[in-house]
Amino acid sequence: MEMSPHQPFITTKLDEFVRWAQASAIWPMTMGLACCAIEMMSIVSPRYDTSRFGAEVFRSSPRQSDLMIVSGRVARKMLPVLRQLYDQMPDPKWVISMGACASTGGIFDNYAVTPVDTILPVDVYVPGCPPSPDALIYSLMQLRREIEAGGKANVLARNA
Ligand code: SF4
């Protein structure tokens with residue numbers, strides 16, 4: 001294919017274009033459950049700057065969000081609340097499980113704390129207690145790859 005410098009054009013498939021757009025404008029929901037949320041909040045600061053990935057717009061309504069970052073331990077009482085918020089998010093939507101507590105229950109070996117994937121379909125798990133902001137950004141990059149590839153697989157985002 002030849003391209004004239006005066007008439008540049010590109011070709012692509014519509015679904016690939018849509019996936020590229022979705023991956024380039026992920027809007028997380030404003031929701032923090034425990035200490036991991038402090039690390040999550042810092043990803044929009046100038047030091048980490050998630051606007052590089054189009055993911056800096058934390059929305060206060062689930063109806064305007066397509067990513068739920070479960071940042072912190074999940075008490076059983078919160079499970080129906082999380083599910084309701086998730087159900088209110090429009091499709092397509094994604095879930096990142098941030099930290100040992102959200103992913104496994106963490107150090108809380110008791111009946112009240114439960115892994116979030118017992119009630120939500122998790123796309124990316126981020127290990128650590130707490131995971132660093134860098135690890136969360138790495139999980140965002142993994143999620144972007146998954147979205148662009150058109151898949152929905154469980155991924156363990158381990159960058160260090
Ligand atoms: S993984 Fe660690 S930092 Fe995160 S909520 Fe649990 S105890 Fe707090």
Side-chain angles (χ1 to χ4, degrees), residues 19 22-160:
R19 289 202 298 264
Q22 288 170 338
S24 303
I26 300 171
W27 287 6
M29 186 166 63
T30 305
M31 187 192 71
L33 295 178
C35 7
C36 276
I38 304 299
E39 304 295 320
M40 178 188 70
M41 291 172 205
S42 67
I43 66 171
V44 295
S45 67
R47 181 182 176 96
Y48 298 105
D49 190 18
T50 46
S51 61
R52 290 174 291 166
F53 315 111
E56 83 282 17
V57 186
F58 273 78
R59 306 304 297 174
S60 299
S61 166
R63 300 182 198 283
Q64 298 171 356
S65 311
D66 53 12
L67 171 63
M68 178 186 282
I69 302 174
V70 183
S71 53
R73 54 193 166 270
V74 181
R76 281 182 183 269
K77 276 189 175 179
M78 279 298 289
L79 284 175
V81 178
L82 285 183
R83 184 68 213 193
Q84 185 174 8
L85 289 170
Y86 178 81
D87 288 342
Q88 289 175 344
M89 293 163 63
D91 286 318
K93 51 195 170 187
W94 300 278
V95 176
I96 290 178
S97 173
M98 179 182 182
C101 288
S103 300
T104 67
I107 59 172
F108 300 97
D109 186 17
N110 63 52
Y111 71 93
V113 178
T114 186
V116 70
D117 60 8
T118 57
I119 197 160
L120 297 182
V122 174
D123 296 281
V124 185
Y125 295 87
V126 192
C129 176
S132 66
D134 310 78
L136 183 57
I137 288 174
Y138 184 70
S139 75
L140 270 174
M141 294 165 67
Q142 293 283 8
L143 181 62
R144 280 163 51 95
R145 286 192 196 103
E146 291 298 313
I147 295 171
E148 287 185 359
K152 196 164 172 63
N154 285 10
V155 174
L156 178 64
R158 187 194 305 258
N159 69 335

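The structure presented is a predicted model; accordingly, all values stated were derived computationally and were not measured. Atoms within each ligand, like the ligands themselves, are counted from 1 in listed order. We count residues from 1, following the sequence as given.
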- Does atom CZ of Arg52 have more than 12 heavy-atom neighbours from other groups under 6.0 Å away? yes
- Query: So with a 6.0 Å cut-off around CG of Asp109, is the heavy-atom count from everything else above 12?
  - Reply: no
- Task: Could you tell me whether a side-chain N or O of Thr50 sits under 3.5 Å from a main-chain N or O of Ile43, the two making a donor and an acceptor?
- Result: yes
- Message: Pair Ile137, Phe53 - check side-chain contact (heavy atoms from CB on, under 4.5 Å), show working.
- Response: CA-CA 9 Å; Ile137 288 174; Phe53 315 111; 3.5 Å; yes
- Given a cut-off of 2.8 Å, the protein N, O or S atoms lying below it from atom 2 (Fe) of ligand 1 are Cys129 SG
- Any side-chain heavy-atom pair of Arg73 and Cys35 under 4.5 Å: yes
- Task: Check Asp123, Ile96, Leu82 against Met68 for a side chain to side chain contact (heavy atoms under 4.5 Å, CB included) and give me the one that passes.
- Result: Leu82
